[in-house]
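Notes to accompany the following structure.
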Amino acid sequence: MSRNWNHTWRYIHLTLGIVLVIYHARIAWYHNGFVDSVWSAGVDKFISTIFIFFVMWSGLAKWPIYPWYKKRQNRKKREAKAEVAN
């Protein structure tokens, strides 16, 4: 499978998302009595100010913002194949 930016952003987003799930799971476990402490204030500040920003933008970056670009690329490929076939 070829590597491109979509694959790169997908794995960055999934990795950051898994960390975010672990963060929220620990909070849920605390409220259900499974663990005795939650995250420190420094970790909470990092997650709320920086980490969620990166998760959000890596998610947006992996989705096609300009679907017409893909259509244009497909049109160019079809035209190139038609020229070769002629």
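Just the heavy atoms: all of them, side chains too, but no hydrogens, waters or symmetry mates, feed the values below.
Contact between D36 and Y30 at its shortest, heavy atoms only, is O-CE1, 3.6 Å. W39 approaches I27 most closely through the heavy-atom pair CD1-CG1, 3.9 Å. Nearest heavy-atom pair across S58 and L16 is OG-CD1, 4.1 Å.
Among residue pairs with one or both ends in residues 41-53, those qualifying as side chain to side chain donor-acceptor pair (under 3.5 Å) are Y23-D44; sequence neighbours excluded.
The hydrophobic clustering, which links ILVMFWY residues whose side-chain heavy atoms are closer than 4.5 Å, places V38 and W29 together. Neither V55 nor I18 shares a network with the other; the hydrophobic side chains, linked directly or stepwise wherever heavy atoms of I, L, V, M, F, W or Y lie under 4.5 Å apart, form separate groups for each. The hydrophobic cluster containing F51 also contains I12, counting ILVMFWY residues as joined when their side-chain heavy atoms lie under 4.5 angstrom apart, directly or transitively. Hydrophobic clustering, with ILVMFWY side chains joined whenever heavy atoms are under 4.5 angstrom apart, groups F53 together with F46. V35 and L20 fall into different hydrophobic clusters, defined by Ile, Leu, Val, Met, Phe, Trp and Tyr side-chain heavy atoms under 4.5 Å apart, directly or through other members.
The distance from the CH2 atom of W57 to the NE2 atom of H13 is 13.0 Å, given to the nearest 0.5 Å. One finds the CE atom of M56 at 9.5 Å from the CD1 atom of I52 (value rounded to the nearest 0.5 Å).
Contacts of S40 classified as side chain to side chain donor-acceptor pair (under 3.5 Å), with partners at least two apart in sequence or in another chain: none.
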